[in-house]
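This report concerns only the one structure given below.
Protein chains get the first letters and strands the later ones, always in sequence-line order, with residue 1 at the start of each.
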Number of protein chains: 2
Amino acid sequence: MLQLRDLPTQEVLRRFAQRYPEADVTAIASFLMLLRVATDLSVALDACLSKHDLLQGRWWVLILLMRETDLTSTPSVLAEKLGVTRASMTGLLDGLEQGGLVQRISVPQDRRSVKIQLTPAGQAKLDAVMPDYYTRLRLCMQGLNEQQRNDLQAILGVIDRGMSAWDFNQ
Amino acid sequence: MLQLRDLPTQEVLRRFAQRYPEADVTAIASFLMLLRVATDLSVALDACLSKHDLLQGRWWVLILLMRETDLTSTPSVLAEKLGVTRASMTGLLDGLEQGGLVQRISVPQDRRSVKIQLTPAGQAKLDAVMPDYYTRLRLCMQGLNEQQRNDLQAILGVIDRGMSAWDFNQ
DNA sequence: TCATTATAGTTAGGTGGCTAATTATGTCAA
DNA sequence: TTGACATAATTAGCCACCTAACTATAATGA
């Protein structure tokens, strides 16, 4: 993922706002900061996962499977939850199955469909990764008290709902 | 980009926290919400830019150039600011140059280096895109007052500084 | 009944990012 | 002076995602 390292100075923002009257300087600054922190986090997550021979897409699939009480789902549902195409999910599952972390099981009731199940090896992989990941995440967030965490989630919720306005006229 | 569409329920988070004592539930929830909103924004941005025949990487390069008073930079500096490798920047610049949006200019003082300059066509492209982008961004952020925007930036700043802890023991 | 449509998953081919190696040029110290 | 190293940009080849098209199966309705 592309990682914005260089946020604009106040002076640059003012200059852009002068050329483009539609600009809302504090909205832009907040947006850019949000993108930057999120990409930083994603890059750091990649680094953490690579130590365990995992890529982010495959790791999310394992987590989605572990969230299910029967450790099972289908390619379509997984693709929907992960926001990738079904074609991409086929590739992710190929990789995971090759590594023995998930298992494709045919479904007699609907022969178009396939069940995807987390294997014991897949669970073991998560048991190796998650403590590492959670520990880092805890450290990374420890500067925020409960109030700030709630504030953050509330503010992000407002932005997410505001995004319906994004596609207002397409 | 991968777009998390499915956040865990409180019940699932509790179950994970029970298996992994390292888990900090509110830290995880905040982190996932942050990633989700950021990827949603990035996907929406992609959609907006594609209407103008632009890809995100190339668009950021144009913006970085416009931030310079002489509309000029170098591949190395642009790569650094965008958080991509110099090899990737070569590809981005190839695309932009082919579209006439930037221009490679040789530097006699250091014959290893190349100056990259925003062309009038590149500036015109930005003049077409930015009002659209800024308008959407304004709508998307209009649910937040100035206090909340400041809070958001402050909280993100804490997380960003906390990320130095991420790589604590590699 | 059976043509039409919808759905599940895969395959084929394209693209943008990556790493590693290459070419060319500049810098510096013995 | 010159050998070793550093730096700038590029090329070559890999990988994960994409879209579009395909196969197989199920559901629907005239």
Side-chain angles (χ1 to χ4, degrees), chain A residues 1-5 35 39-40 42-47 49-50 53-62 72-99 101-117, chain B residues 1-5 39 42-47 49-50 53-62 72-99 101-117:
Chain A
M1 182 197 286
L2 184 144
Q3 186 185 18
L4 284 185
R5 295 197 123 104
L35 274 195
T39 53
D40 285 353
S42 183
V43 168
L45 177 55
D46 285 337
L49 293 177
S50 76
D53 292 315
L54 270 178
L55 296 169
Q56 207 180 132
R58 294 181 186 174
W59 175 71
W60 286 118
V61 172
L62 295 183
T72 297
S73 186
T74 68
S76 293
V77 171
L78 291 170
E80 169 66 24
K81 289 184 174 176
L82 200 55
V84 300
T85 61
R86 287 190 311 245
S88 300
M89 185 53 64
T90 295
L92 291 172
L93 294 173
D94 284 348
L96 287 168
E97 191 176 38
Q98 202 156 0
L101 305 182
V102 307
Q103 191 176 5
R104 281 184 170 94
I105 302 173
S106 60
V107 178
Q109 296 85 348
D110 183 345
R111 291 168 53 194
R112 295 171 302 181
S113 187
V114 175
K115 277 204 312 181
I116 305 296
Q117 186 163 42
Chain B
M1 182 196 292
L2 185 144
Q3 185 185 16
L4 282 187
R5 296 197 122 106
T39 52
S42 183
V43 168
L45 178 55
D46 285 337
L49 294 177
S50 77
D53 293 314
L54 269 178
L55 296 168
Q56 210 183 127
R58 294 181 187 175
W59 175 70
W60 285 119
V61 171
L62 294 182
T72 297
S73 186
T74 68
S76 292
V77 170
L78 291 170
E80 169 66 24
K81 289 185 174 178
L82 200 55
V84 299
T85 61
R86 285 184 311 222
S88 300
M89 186 52 65
T90 295
L92 291 172
L93 294 173
D94 285 347
L96 287 168
E97 190 176 38
Q98 200 157 0
L101 304 182
V102 307
Q103 193 176 2
R104 281 184 169 93
I105 302 173
S106 60
V107 178
Q109 296 84 347
D110 184 343
R111 290 167 55 194
R112 295 171 303 179
S113 186
V114 175
K115 276 202 314 180
I116 305 295
Q117 185 162 42

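- In terms of position on DNA chain D, the residue among A:D110 and A:A87 whose nearest nucleotide sits closer to the 5' end is A:A87.
- For the OP1/OP2 pair of D:dA16 and a distance below 4.0 Å, the side-chain nitrogens and oxygens of A:R58 include at least one atom meeting the criterion.
- Heavy atoms of A:R111 sit under 4.0 angstrom from primed sugar atoms or phosphate atoms, though from no base atom.
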Begin from the C-alpha positions of A:S42 and A:T39 and carry the test side chain to side chain donor-acceptor pair (under 3.5 Å) through to its verdict.
CA-CA 5 Å; A:S42 183; A:T39 53; over 6 Å; no

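- The side chain of A:R104 places an N or O atom within less than 4.0 Å of a non-bridging phosphate oxygen (OP1 or OP2) of C:dT10.
- Proximity note for B:S113 (side chain, C-beta onward) versus C:dG17, C:dG9, D:dA9: the nearest is D:dA9.
- Distances shown here put a side-chain N or O of B:S76 below 4.0 Å from the OP1 or OP2 atom of D:dA9.
- Checking C:dG16, D:dA9, D:dA6 against every side-chain atom of B:L55, the shortest atom distance belongs to C:dG16.
- Between B:T85 and the phosphate of C:dG17, there is no side-chain N or O to OP1/OP2 separation shorter than 4.0 Å.
- Dashed line: the shortest gap from a side-chain N or O of B:R112 to OP1 or OP2 of D:dT10 is not under 4.0 Å.
- Within the nucleic acid shown, B:S88 comes within 4.0 Å of at least one base atom, counting heavy atoms only.
- At the phosphate of D:dT10, OP1 or OP2 sits under 4.0 Å from a side-chain N or O atom of B:T90.
- Atoms CE and CG, on B:M89 and B:L82 in that order, are 5.0 Å from each other to the nearest 0.5 Å.
- The backbone N or O of B:D53 lies less than 3.5 Å from no partner atom in the side chain of B:S50, so there is not a single donor-acceptor pair.
- Nearest-nucleotide mapping onto DNA chain D: of A:P108 and A:M89, the residue sitting toward the 5' end is A:M89.
- Atom CG of A:D46 and atom P of D:dC15 are 16 Å apart (whole Å).
- Every residue two or more places apart in sequence or in another chain that forms a salt bridge (Lys or Arg N to Asp or Glu O under 4.0 Å) with B:R112 is listed here: B:D110.
- One can place CG of B:L49 at 14 Å from P of C:dG16, the figure rounded to the nearest angstrom.
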